[in-house]
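Chain letters run A, B, ... following the sequence lines, proteins first and then strands; every chain starts at 1.
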Protein chains: 2
Amino acid sequence: MNLPPLVQSFVLHFGEMGSRWGISRTVGQIYALLYLSPVPLNADDMVEKLGFSRSNVSMGLKELQAWNLVRLQHVPGDRRDYFSTPDDLWTIVRTLAEERKKREVDPTLSVLRDLLMQNPSSEEERHAQARMRETHEMIELLTGWYDDVRRLETERLVQLLSLGAKVQKILEVKDRLFSLPGSRGRSDDTKERA
Amino acid sequence: MNLPPLVQSFVLHFGEMGSRWGISRTVGQIYALLYLSPVPLNADDMVEKLGFSRSNVSMGLKELQAWNLVRLQHVPGDRRDYFSTPDDLWTIVRTLAEERKKREVDPTLSVLRDLLMQNPSSEEERHAQARMRETHEMIELLTGWYDDVRRLETERLVQLLSLGAKVQKILEVKDRLFSLPGSRGRSDDTKERA
DNA sequence: ATGTAATTTCAGAAATTTCTGAAAGATGGA
DNA sequence: TCCATCTTTCAGAAATTTCTGAAATTACAT
């Protein structure tokens, strides 16, 4: 591996982390390298810096493209493909969330919906289905929230995240101000979503 | 595999999903089985229902215990170990988040902090460090938020999630009500966190 | 203590995933 | 067109992960 020490440590760490996620060590390293690079890199650059085979780099780049995580560009007068990551880290995070949802959450939701349609033919299956219904509801709640916040502009999103649980306080104020006495002040909020 | 069809489909699906996460197919299946089961199960039950070796089940249970995802219990007059998942799905989700943070995020933060302490010895390293700083900040923002909301009672958390991006609207109202003219109304919100 | 039932460990087998080199396929001049 | 350069594909090699059976360990009852 042919990299400045700081870069190398980062690249190695992300390789390891990569394998805890769905991606391979190689792909993790390629991405880390691109992420830190001040300029776009071509496949041979990566071969040279990371020290694995040309074909492995090719595979890795293909996978990163499937994840929408890299941009392919061209340098004038050079017909090799150059790759880079988006400059804005938020763009990367959003893409990551989107793609993971597509690969992991959506298929699960679809399986759950399918199983919930079927008729339980025993007490055991009835209980299992109840559990699945619960699971389905939680995932819908979570993805519903995600679907909402991903539409926010980054600045707004950051603001919201910085606030953390303090939103809670503001909600309480709002409840006190606008709810009818006796009401919990939630009905209209929760319904509107649908 | 010796399971009612509904249960089997669910178990198989979670086995596959499991391998997209850090856990093996086996572990995923064991957990899915426990999750759907109306009663606690012992290791032999699992061997019988899932059809893999006793030792594999033992390993799987050990891993699930390391993740804090199962409860070990005993039935009177039987000295085998029985396992179950928490009844409350939120408890499971919270544990999952906690453990994943511990395994994935915390080590990354620590590597980043370490690398940010070091002196860049080239323009390339300087640029890389800037990128790492950005990364570090984003992770801190995200985990800060997480740290905040995980303390909420479940009911409050659900309320917050149901609200989705509509909090934004309420914040705008609050800004209009309480900000000095010309101020963006953010300074106190963001500072208070520290 | 001794025996029995249950659990864990662990070395190697089996399966899966990752990686490579060689060959095939593109692409863009001359 | 042909040639040079770059990229992709793919079959098998290498590495890693998962799984098993046998042996070791633990825990409890007599």
Between the protein and nucleotides 10-17 of chain C, are there any N/O to N/O pairs under 3.5 Å, and if so, what are the atom names and distances?
none

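- Rounded to a whole Å, the NE2 atom of His74(A) is 11 Å from the C1' atom of dG28(C).
- The distance between atom CD of Gln65(A) and atom P of dT8(D), rounded to the nearest whole Å, is 7 Å.
- The phosphate of dG21(C) has neither OP1 nor OP2 within less than 4.0 Å of any side-chain N or O from Ser53(A).
- By the 4.0 Å N-to-carboxylate-O rule, Lys49(B) lies too far from Asp45(B) to be salt-bridged with it.
- One interatomic measurement links the two molecules: CZ of Phe52(A) to C1' of dG21(C), which rounds to 16 Å at whole-angstrom precision.
- Inter-residue side-chain proximity for Trp67(B) and Arg100(B) is flagged as met; some heavy-atom pair is nearer than 4.5 Å.
- Asp78(A) has its CG atom 14 Å from the C1' atom of dG29(C), to the nearest Å.
- In this structure, Thr108(B) contributes its side chain and Glu104(B) its backbone to a donor-acceptor pair below 3.5 Å.
- A sub-4.0 Å separation between OP1 or OP2 of dT7(C) and a side-chain N or O of Arg54(B) is present.
- What separates CG of Leu50(A) from C1' of dC19(C) is a distance of 14 Å, to the nearest Å.
- Here the side chains of Tyr82(A) and Leu72(A) are not in contact, with every heavy-atom distance at 4.5 Å or above.
- Remark: Lys62(A) is in phosphate contact with dT9(D), judged by side-chain N or O atoms under 4.0 Å from OP1 or OP2.
- Atom CE in Met1(B) sits roughly 14 Å away from atom C1' in dC19(D) (whole-Å rounding).
- Taking atom CG of Leu64(B) as the reference point, atom P of dT18(D) lies 13 Å away to the nearest angstrom.
- Residues Arg126(A) and Gln129(A) bring no donor and acceptor atom of their side chains to less than 3.5 Å of each other.
- Using a 4.0 Å heavy-atom cutoff across all strands shown, Asn42(B) reaches no nucleic acid atom at all.
- Judged by distance alone, the side chain of Ser37(A) and the main-chain N or O of Pro40(A) form no donor-acceptor pair under 3.5 Å.
- Contact between the side-chain N/O atoms of Ser58(B) and the OP1/OP2 oxygens of dT8(C) is found at a separation under 4.0 Å.
- Look at CG on Asp45(A): it is 15 Å from C1' on dT7(D), rounded to the nearest Å.
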Pairs under 3.5 Å (N/O, protein and nucleotides 25-27 of chain D):
none

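- Between the side chain of Arg94(B) and the backbone N or O of Arg150(B), at least one donor-acceptor pair lies under 3.5 Å.
- Side chains of Glu98(B) and Tyr146(B): a donor on one and an acceptor on the other come within 3.5 Å.
- By the criterion of side-chain heavy atoms lying less than 4.5 angstrom apart, applied directly or through intervening Ile, Leu, Val, Met, Phe, Trp or Tyr residues, Met17(B) is not grouped with Ile30(B); the two fall into different hydrophobic clusters.
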